[in-house]
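Take a look at the structure below.
Because only heavy atoms are used, hydrogens play no part in the values below, and waters and symmetry mates are left out as well, while side chains stay in. Convention: sequence-line order gives letters A, B, ...; per-chain numbering from 1.
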Amino acid sequence: MYLNVNSLNTVGPRSSIVELTDFICAAQMAKAADALFPVEDKKSFCNDPNYKKRRNMGYDLWKRKKQMKLEKKLLNEDDNVVHLPNPMIGFGVPTEPGQITQRTLPEDAIGPPYFYYENVAMAPVGVWSEMSRYLYDVGPEFVDSKYFCAAARKRGYIHNLPIDNRFPLFPFPPRTIHEAFPLTKKWWPCWDPRTKLNCLQTCTASAKLTERIRKALEAYDDEPPLNVQKYVLDECRKWNLVWVGRNKVAPLEPDEVEMLLGFPKNHTRGGGSSRTERIKSLGNSFQVDTVAYHLSVLKDMYPGGINVLSLFSGIGGAEVALHRLRIPLKTVVSVEKSEVNRNIVRSWWEQTNQHGTLIDIPDVQELNGDRLEQLMSRYGGFDLVVGGSPCNNLAGSNRHHRDGLEGKESSLFYDYCRILDLVRLMQRTQ
DNA sequence: TTTAGGATGAATTCCCGT
DNA sequence: ACGGGAATTCATCCTAAA
């Protein structure tokens, strides 16, 4: 009947010559399979109103796509799929109407201790419902940081914090490209309509690319033709380029990214790292104003300061947010793999004259029950467990290993859950 | 040994016309 | 409601130069 194509690729001794006699070429196979599809199906393919447009698609491909869509739909209805809000403002942002100040949390999720978990919003389908399931069924709050600064940053946050009486950091950071980079206004062409930057990532464009763009533009005195405009705009959007001269675009410098993300200038310089390293660390970080807005409700609750367990700290986005909110940091236990990042947080800690204690731990596996118990008995438990686990295997930019939550780095999410569970268990049974 | 540059798609959502 | 196009995306791997 059917020839199993996979069997042709199996390694090992071929069992017999029967396969040879059974073998028919791929075209014949397709033809044979094609004939097996129901006539009704074929009719609906031919009667498809967009059939002309999709002529080159072919019947089998059309059929397969239809099947995939159906399967997906069935899967989604079973698996309480999470939908992204539009506009992406979560329970509300300071600058837009439509605040929500009340929600009901599942019984198991009610704090303290409080937790605040972050990751990319555009994760593969099913990932956010899985993460929500592991975090006591709390629904994620999806917020785009373009409502807080001049760059987009679509992120989901699962937390059990109160959501009334939030307040933003002051002063408000610049919220358009022109406000953030006034000098670019002079060179900004009228055919570039951007007012916000796209997401700040871990790589920047090369000087060579900006040179290619300059060459493409200098052939024209006034406005370039539409196809050239499109090429330049596509590259500018892809690489977050800004205009710095006549026909000249440039990528953002590390200190400019620091400003957009709400960090003090030269924050990442402390590690003694290269430009590339700084851009990478920043690309993996929180947007401070966004996170601070959510954490601001802690200020009245803990006037004497808080103990923080910060997992996957990176360059210390959560710590900077709490500090800028003027919430005293009594104890910060910071888990971060990268030595450069640990140095950055350490030197920030010293520069801001913190009075509390900073403990850094390089490996998250080191935080087992014993170690946690030791830390908690010494410093009196944690008020907040904050962290964003690695997004490497969830992010759209990843061509190679976008494997979902079970991926090599992103599966560290389960360590966040493990540790949070331990902390909550120990503190609630006291 | 470190750093910059180039090549490398696909998953997902939004939007708009039919 | 549905399909197709446009837009967007906390990246990785390899190589050559420094």
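- Contact between the side-chain N/O atoms of A:Q201 and the OP1/OP2 oxygens of C:dT9 is not found at any separation under 4.0 Å.
- A:R418 has a carboxylate O that lies under 4.0 Å from a charged side-chain N of A:D415, or vice versa, which qualifies the two as a salt bridge.
- Counting any heavy atom pair closer than 4.0 Å across all strands shown, A:K408 reaches no nucleic acid atom.
- Cation-pi geometry between A:R424 and A:Y136 is met: under 6.0 angstrom from the ring centre, within 45 degrees of the axis.
- Between A:E211 and A:K208 there is no salt bridge, since no side-chain N of the basic residue sits under 4.0 Å from a carboxylate O of the acidic one.
- Among the atoms of the strands shown, only primed sugar atoms or phosphate atoms (P, OP1, OP2) are found under 4.0 Å from some heavy atom of A:R237.
- Summarising the base pairing, C:dC2 is matched to B:dG17 through a Watson-Crick or G-U wobble pair whose two defining distances lie under 3.5 Å.
- Of the listed nucleotides (C:dT8, B:dG6, B:dT13), B:dG6 has the atom at the smallest distance from the side chain of A:K208.
- Residue whose closest nucleotide on DNA chain C sits further toward the 5' end, between A:C203 and A:D234: A:D234.
- At C:dT9, none of the side-chain N or O atoms of A:K238 fall inside 4.0 Å of OP1 or OP2 (strictly under the cut-off).
- Residues of residues 385-394 of chain A having a heavy atom closer than 4.0 Å to DNA chain B: none are found.
- Using a 30° and 60° split on the angle between ring planes, A:Y114 and A:Y302 fall in the perpendicular class, above 60°.
- A:N284 pairs with exactly one of A:L200, A:I315, A:T202 by the side chain to side chain contact (heavy atoms under 4.5 Å, CB included) rule, that one being A:T202.
- If you check C:dA11, C:dT8, C:dC10 against the side chain of A:T202, the one that comes closest is C:dA11.
- Side chains of A:Q287 and A:Y293: no donor on one and acceptor on the other come within 3.5 Å.
- The side chain of A:K196 places no N or O atom within less than 4.0 Å of a non-bridging phosphate oxygen (OP1 or OP2) of C:dA7.
- With C:dC10, B:dG5, C:dA7 as the choices, the nucleotide that has an atom nearest any side-chain atom of A:N119 turns out to be C:dC10.
- In the model, A:T101 has no side-chain atom that pairs as donor or acceptor with a side-chain atom of A:D164 under 3.5 Å.
- The C1' atoms of B:dG9 and C:dA6 are separated by 16 Å, rounded to the nearest whole Å.
- Straight-line distance between the C1' atoms of C:dT9 and B:dT8: roughly 15 Å, to the nearest whole Å.
- When Watson-Crick and G-U wobble pairs are counted only if both distances are under 3.5 Å, C:dC10 pairs with no nucleotide at all.
- No engagement by A:K280 is indicated, since no non-hydrogen atom pair under 4.0 Å with the nucleic acid exists.
- A:E218 and A:R214 are joined by a salt bridge, as a carboxylate oxygen and a charged side-chain nitrogen come within less than 4.0 angstrom of each other.
- Paired with A:F263 under the rule side chain to side chain contact (heavy atoms under 4.5 Å, CB included), one option of A:V320, A:V257, A:T268, A:D255 passes, and it is A:V320.
- Taking only distance into account, the side chain of A:E118 meets the base of C:dC10 through a donor-acceptor pair shorter than 3.5 Å.
- Side-chain atoms of A:S145 and A:R153 form no donor-acceptor pair, as typed in the model, at a separation below 3.5 Å.
- Phosphate contact (OP1/OP2 of C:dA7, side-chain N/O of A:R194, threshold under 4.0 Å): absent.
- Taking the side chain of A:P124 as heavy atoms from C-beta on, and the options B:dT12, C:dA7, B:dG5, the nearest nucleotide is B:dT12.
- Nearest-nucleotide mapping onto DNA chain B: of A:L209 and A:S397, the residue sitting toward the 5' end is A:L209.
- Looking at residues 399-407 of chain A, you'll see A:R399, A:H400, A:H401 sit with a heavy atom under 4.0 Å from some atom of DNA chain C.
- Heavy-atom nearest nucleotides on DNA chain B were determined for A:A205 and for A:A395, and the one closer to the 5' end corresponds to A:A205.
- For C:dC10 and B:dG5, the P atoms lie 23 Å apart once the distance is rounded to whole Å.
- The shortest distance between the side-chain N/O atoms of A:S285 and the OP1/OP2 oxygens of C:dC10 is not below 4.0 Å.
- Salt bridge status for A:E258 with A:R278: present, with a side-chain N to carboxylate O gap under 4.0 Å.
- Of the side-chain N and O atoms in A:N398, none sit less than 4.0 angstrom from OP1 or OP2 of C:dC10.
- Put simply, A:R275 has no side-chain N or O that comes within less than 4.0 Å of OP1 or OP2 on B:dT3.
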